Number of protein chains: 2
Amino acid sequence: MSNIRDVARLAGVSVATVSRALSAPEKVSEESLSKVQDAIAQVGYRPNMLARNFRSTRSYAVVVLVPDIANPFYSLFIRALEDRAQQKGYAVLLGDTRGTSEREQEYIRRVETRLADGIIQLRPSSEKSQNTIPAGIACVNACGCELTTGPSIRIDNRAAARTMVDYLISLGHRRIGVISGLKDNPHTIDRLEGYKEALASAGIAYDKDLIAEGDFTMWSGLNSAFQFCNMKNRPTAIFSMNDEMAIGAMQTLKSQGIRVPEDMSVTGFDDIAYAKYCDPSLTTISQPAEEMGKMAMDMLLRIIEGEPLSQTECVLPTEFIIRKSTGPAPYQK
Amino acid sequence: MSNIRDVARLAGVSVATVSRALSAPEKVSEESLSKVQDAIAQVGYRPNMLARNFRSTRSYAVVVLVPDIANPFYSLFIRALEDRAQQKGYAVLLGDTRGTSEREQEYIRRVETRLADGIIQLRPSSEKSQNTIPAGIACVNACGCELTTGPSIRIDNRAAARTMVDYLISLGHRRIGVISGLKDNPHTIDRLEGYKEALASAGIAYDKDLIAEGDFTMWSGLNSAFQFCNMKNRPTAIFSMNDEMAIGAMQTLKSQGIRVPEDMSVTGFDDIAYAKYCDPSLTTISQPAEEMGKMAMDMLLRIIEGEPLSQTECVLPTEFIIRKSTGPAPYQK
DNA sequence: TTGTACGCGTTATCAG
DNA sequence: CTGATAACGCGTACAA
């Protein structure tokens with residue numbers, strides 16, 4: 001509970017000297033410095049960062065807005081973000097929005113009231129999905145899409161999806177079901193685009209009955225898969241827009257006696273930790289979450305500190321990972 | 001960028017009145033109130049919380065120390081903690097320690113320098129595993145064990161483990177392998193105690209060769225399981241100290257042609273989301289993470305605000321969940 | 001190199 | 001009910 005004045009008094013110097021001893025030791029004589037250090041140790045002085053932040057009108061904290069922290073895909077991002085922030089002396093304020101814009105508003109308000117210096121957005125935003133973050137607030141989207149406005153880090157979702165579907169087609173699949181995210185989710189849109197491109201270039205007609213709308217949860221994957229099981233002319237492969245839904249879908253298929261990949265191939269997206277361990281292990285697209293988080297944080301801090309940005313949008317490469325959930329299309333009568 | 005003085009000037013009142021209009025509107029006349037509100041709207045005033053916090057020597061933030069945010073078990077806790085903190089007007093500072101006490105120190109320092117008002121510890125701590133949190137810092141362990149000192153929320157790990165092993169024994173298993181966490185981890189110690197108790201009361205001798213040390217990761221479960229596969233007299237059941245290791249272990253068993261549960265039963269601990277969806281679904285112990293997080297946060301905020309604690313240690317009930325990874329012991333020659 | 005003095009935006013006290 | 005003013009702890013011109 002001691003303050004800088006106590007230290008100054010004990011050391012026999014002024015508060016200014018103590019302040020300098022802490023933030024710019026080279027501007028203080030050896031003698032004063034050691035006297036100050038002794039005094040600090042003696043009274044157990046800890047600078048009051050609340051006061052320091054107040055003075056500098058900076059909180060040295062950054063809000064990370066995440067739709068759901070329990071989603072393992074976001075966990076990877078957050079770990080990278082936190083790591084980087086810590087390195088640079090910033091704190092991460094966790095903002096689990098639970099998908100509601102109401103909660104999002106509360107966190108935005110934290111920036112407006114100076115409790116945070118900026119925002120990392122972990123939700124794909126575009127012009128359509130109303131971007132609720134007011135202009136004038138430092139913000140980087142670490143998980144963007146093609147239509148994202150403002151600074152962002154992203155992958156090429158369309159190209160990645162296309163790669164995946166091209167691969168399925170190369171295995172002989174012609175009827176390829178899709179388990180998508182919510183219809184208006186920008187990732188859904190980009191990835192669906194890639195799916196359509198792949199079909200088109202193989203001369204396969206797009207059939208909207210092959211699109212099942214999920215919401216990126218395992219549970220929705222489980223349900224969507226039933227839709228395909230019950231079709232008279234069911235698909236021979238399922239392109240799921242994330243790993244969790246793919247895993248849920250495989251569960252359903254197994255329960256219906258459909259073998260993966262012999263009877264039906266299944267693919268995921270994201271490459272969460274579990275994708276490698278599920279049964280069969282999942283063919284998927286790996287996102288460089290670590291790298292993306294790091295870059296997003298760097299970009300945000302640069303904006304906050306008023307440094308120039310070399311680029312405002314950054315597209316990182318994905319990795320296509322073939323595992324055991326995919327195989328040749330079964331013979332169709 | 002406008003401050004309370006600007007508002008006061010525009011509204012034609014004093015700064016004190018503006019301050020009161022915001023924090024105690026009932027102490028201000030209707031007339032002044034509306035003048036103030038108009039002025040606030042007009043200049044787009046946002047109170048500077050940095051100044052407010054400085055004034056009140058409180059940051060209204062709480063550090064959540066977590067060994068690894070990517071661990072799905074902790075995610076559930078964090079979600080509950082964040083939810084509760086948000087409700088009560090506190091922010092959550094994410095403190096991913098990556099298991100290092102160095103990082104832990106940095107976050108403790110944040111409390112000492114007033115950047116946070118207290119700490120939620122999501123690591124089982126005991127007298128032995130040196131508790132690095134200095135006295136005088138408000139701290140609650142949301143994930144305690146029997147030896148945890150200070151305020152804590154926990155489950156009865158020993159009893160839960162015993163319930164699980166009793167169940168395996170009731171299925172006819174006599175040789176029950178254990179995949180433990182690190183040896184000195186308090187959870188490991190408590191759960192191992194429960195294991196031993198169950199064996200003892202069934203008159204089964206404890207065999208230390210049946211204990212494989214893991215580290216709570218899927219990978220370590222995968223490895224540990226090999227140890228059992230290769231034994232001449234291999235166990236008929238594996239009691240894994242968390243779900244991830246159990247899932248890893250099942251992967252190994254499958255790869256070795258050992259069927260679960262026909263040839264070998266496997267059990268987990270925690271009941272993470274995947275436990276229900278893996279194949280076969282996992283018999284496990286469910287911890288009330290939501291409730292635990294909520295209670296831990298409530299307890300911490302009570303300490304911070306100087307309110308009396310009705311109890312300093314709280315033990316919550318677990319749920320024993322039987323799924324498909326366990327079955328009768330196979331016939332042994 | 002060092003010290004003095006002021007300001008940052010807010011709340012609390014106290015007198016009106 | 002209202003207003004003037006003194007804190008809160010720190011950084012930093014400016015003067016010495």
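Atom set for the values below is all heavy atoms of this structure, side chains included, hydrogens, waters and symmetry mates excluded. Since the structure is predicted, the reported quantities are computational estimates derived from the model, not experimental observations.
A salt bridge is absent between A:Asp96 and A:Arg103: the closest approach of a Lys/Arg side-chain nitrogen to an acidic carboxylate oxygen does not fall below 4.0 angstrom. Under the 4.0 Å criterion applied to side-chain N and carboxylate O atoms, A:Asp68 and A:Arg98 are not assigned as salt-bridge partners. Taking 4.0 Å as the cut-off between side-chain N and carboxylate O, A:Arg9 and A:Asp6 count as a salt-bridged pair. Note on A:Asp83 versus A:Lys294: no salt bridge recorded, every NZ/NE/NH1/NH2 to OD/OE distance being 4.0 Å or above.
The 12-atom threshold is not exceeded at CD of B:Glu102, counting heavy atoms of other residues, nucleotides or ligands nearer than 6.0 Å.
What separates NZ of B:Lys27 from C1' of D:dG3 is a distance of 15 Å, to the nearest Å.
Contact annotation: A:Thr17 does not reach the phosphate of C:dT2 (side-chain N/O to OP1 or OP2, under 4.0 Å).
Inspection of the A:Gln287 and A:Asp270 side chains reveals an N or O donor paired with an N or O acceptor under 3.5 Å.
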Expected list for residues 22-31 of chain B: side-chain donor-acceptor pairs under 3.5 angstrom, two or more places apart:
residue: B:Ser23; atom: OG; partner: B:Ser19; partner atom: O; Å: 3.0
residue: B:Ser29; atom: OG; partner: B:Ser32; partner atom: N; Å: 3.2
residue: B:Ser29; atom: OG; partner: B:Ser32; partner atom: OG; Å: 3.0

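Listed in residue order, the members of residues 28-39 of chain A having a heavy atom less than 4.0 Å from DNA chain C are A:Val28, A:Ser29, A:Ser32.
For the salt bridge (Lys or Arg N to Asp or Glu O under 4.0 Å) test, residues two or more places apart in sequence or in another chain that qualify with A:Glu313 are A:Arg154. Shown here are the salt bridge (Lys or Arg N to Asp or Glu O under 4.0 Å) partners of B:Arg114, two or more places apart in sequence or in another chain: there are none.
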Q. Reading nucleotides 8-14 of chain C from the 5' end, what letters show protein touch, with B for base, S for backbone sugar-phosphate only, - for no heavy atom under 4.0 Å?
A. BBBBB--

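Remark: A:Ser59 OG to A:Phe54 CZ distance equals 14.0 Å, nearest 0.5 Å.
In this structure, the helix from C:dT1-D:dA16 to C:dG16-D:dC1 shows an angle of 40° between the axis at its start and the axis at its end, each fitted on 5 base pairs and rounded to 10°.
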